[in-house]
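I have placed the structure first, in the form of structure tokens, so that the comments after it can refer back to it.
The figures that follow rest on heavy atoms only: side chains count, while hydrogens, waters and symmetry mates do not. By convention here, the first residue in the shown sequence is residue 1.
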Amino acid sequence: MTRIDHNSPQPVTADDVRLAVDLALTALRGGPGTEAGWSAKAGPLEWDCWETAEHLADDLFSYAAQLGPATPPVDGYVPFRYVSERPGGPRNTVFADRAAGLAGLLQVLEASGSLLAAMVAVTSPKVRAYHSLGLSDPEGFAAMGVVETLVHVHDMAEGLGLAWAPPADLCDRVLARLFPSAPAYEDRWRTLLWATGRVSLPEHPRLTSWEWHSAPEGERTV
């Protein structure tokens, strides 16, 4: 097993976004081939797996959009219109055309991930843009996109009966960037699940609320 140096974390990059989304697509392609098969509840969420995939695509798109303007917003989100398709459903800008089936849904997810990776790759690390948990830099948006991907695929995998275990080093990089106080537990994937309220760890009960640090180290206010 590869040892991870928690004291010298590597930055989260556009390549990490691409890797997370590629791994997600590979896993999700093993799910049911019909829309009806994606109506299963996604893990602990109140959404089904189709809705969760749309929510994930919307997250990735939204993070890319925050970095998009020549002068990124620092006091709010880019004002896209967000709607829910049903009471209790996710509020998204991005939805997949259900007539395009599962292939279309996954293409929407892939496209949104590619947009975020591209924006992270071309945006100066000096840029800051609004997030409700702190002004973030491109690395922060990359890390948020990776966490959204890894954790929501975990949720969908539970509903779809799929195996899902992303690389430990990828988990470690996003933990270092967004959850610097997380325990140095050797299983970094389980630690990320703990940090996002999905599981317990030895001597660390399951969290009932959680948040990450969007702002870079040294710019955090709490």
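- Looking at heavy atoms from C-beta onward, Leu201 lies in side-chain contact with Arg190 at the 4.5 angstrom threshold.
- Applying the side chain to side chain contact (heavy atoms under 4.5 Å, CB included) test to Ser132 and every residue at least two apart in sequence or in another chain returns Tyr77, Tyr130.
- Counting only heavy atoms from C-beta outward, the side chains of Arg198 and Pro44 approach each other to under 4.5 Å.
- By the ring-ring contact (aromatic ring centres under 6.0 Å, His included) test, Tyr82 is found to be paired with no residue, residues two or more places apart in sequence or in another chain being considered.
- The salt bridge (charged side-chain N to carboxylate O under 4.0 Å, His left out) analysis of residues 102-128, with sequence neighbours excluded, yields the pairs Arg128-Glu219.
- Under the side chain to side chain donor-acceptor pair (under 3.5 Å) criterion, Asp137 pairs with Arg177, not counting sequence neighbours.
- For Asp48 and Lys41, the salt-bridge test fails: no basic side-chain N is under 4.0 Å from an acidic carboxylate O.
- No side-chain N or O of Thr52 forms a donor-acceptor pair with one of Trp50 less than 3.5 Å apart.
- Within the structure, no pair that satisfies the salt bridge (charged side-chain N to carboxylate O under 4.0 Å, His left out) test touches residues 61-78, not counting sequence neighbours.
- Trp194 is not listed as a side-chain neighbour of Trp210, based on a closest heavy-atom distance of 4.5 Å or more.
- Side-chain atoms of Ser39 come within 3.5 Å of backbone atoms of Ala36 as a donor-acceptor pair (strictly under, hydrogens ignored).
- Glu46 contributes no side-chain N or O that, together with a main-chain N or O of Gly89, makes up a donor-acceptor pair within less than 3.5 Å.
- Residues passing the side chain to side chain contact (heavy atoms under 4.5 Å, CB included) test with Leu162 are Leu28, Ala157, Leu160, sequence neighbours excluded.
- Other members of the cluster containing Trp47 are Leu45, with ILVMFWY side chains joined at under 4.5 Å, either directly or via other members.
- Not counting sequence neighbours, Asp22 has no partner by the side chain to side chain donor-acceptor pair (under 3.5 Å) test.
- Within the 4.5 Å cutoff, the side chain of Pro166 has heavy atoms near those of the Leu150 side chain.
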### Task
Decide yes or no on salt bridge (charged side-chain N to carboxylate O under 4.0 Å, His left out) for Arg188 and Asp169, but give the supporting numbers first.
CA-CA 8 Å; Arg188 302 312 282 162; Asp169 59 338; over 6 Å; no
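- Residues satisfying the ring-ring contact (aromatic ring centres under 6.0 Å, His included) test with Phe61, not counting sequence neighbours, are Phe80.
- By the side chain to side chain contact (heavy atoms under 4.5 Å, CB included) test, Arg81 is found to be paired with Val83, residues two or more places apart in sequence or in another chain being considered.
- Screening residues 82-98 for salt bridge (charged side-chain N to carboxylate O under 4.0 Å, His left out) gives Glu35-Arg98, Glu51-Arg86 as the qualifying pairs, with residues at least two apart or on separate chains.
- A 4.5 Å side-chain heavy-atom check between His131 and Trp212 finds at least one atom pair inside the cut-off.
- When the ring-ring contact (aromatic ring centres under 6.0 Å, His included) test is applied to Trp38, no partner is found at least two apart in sequence or on another chain.
- Contact check for Glu139 versus Pro125: no side-chain heavy atoms found under the 4.5 Å cut-off.
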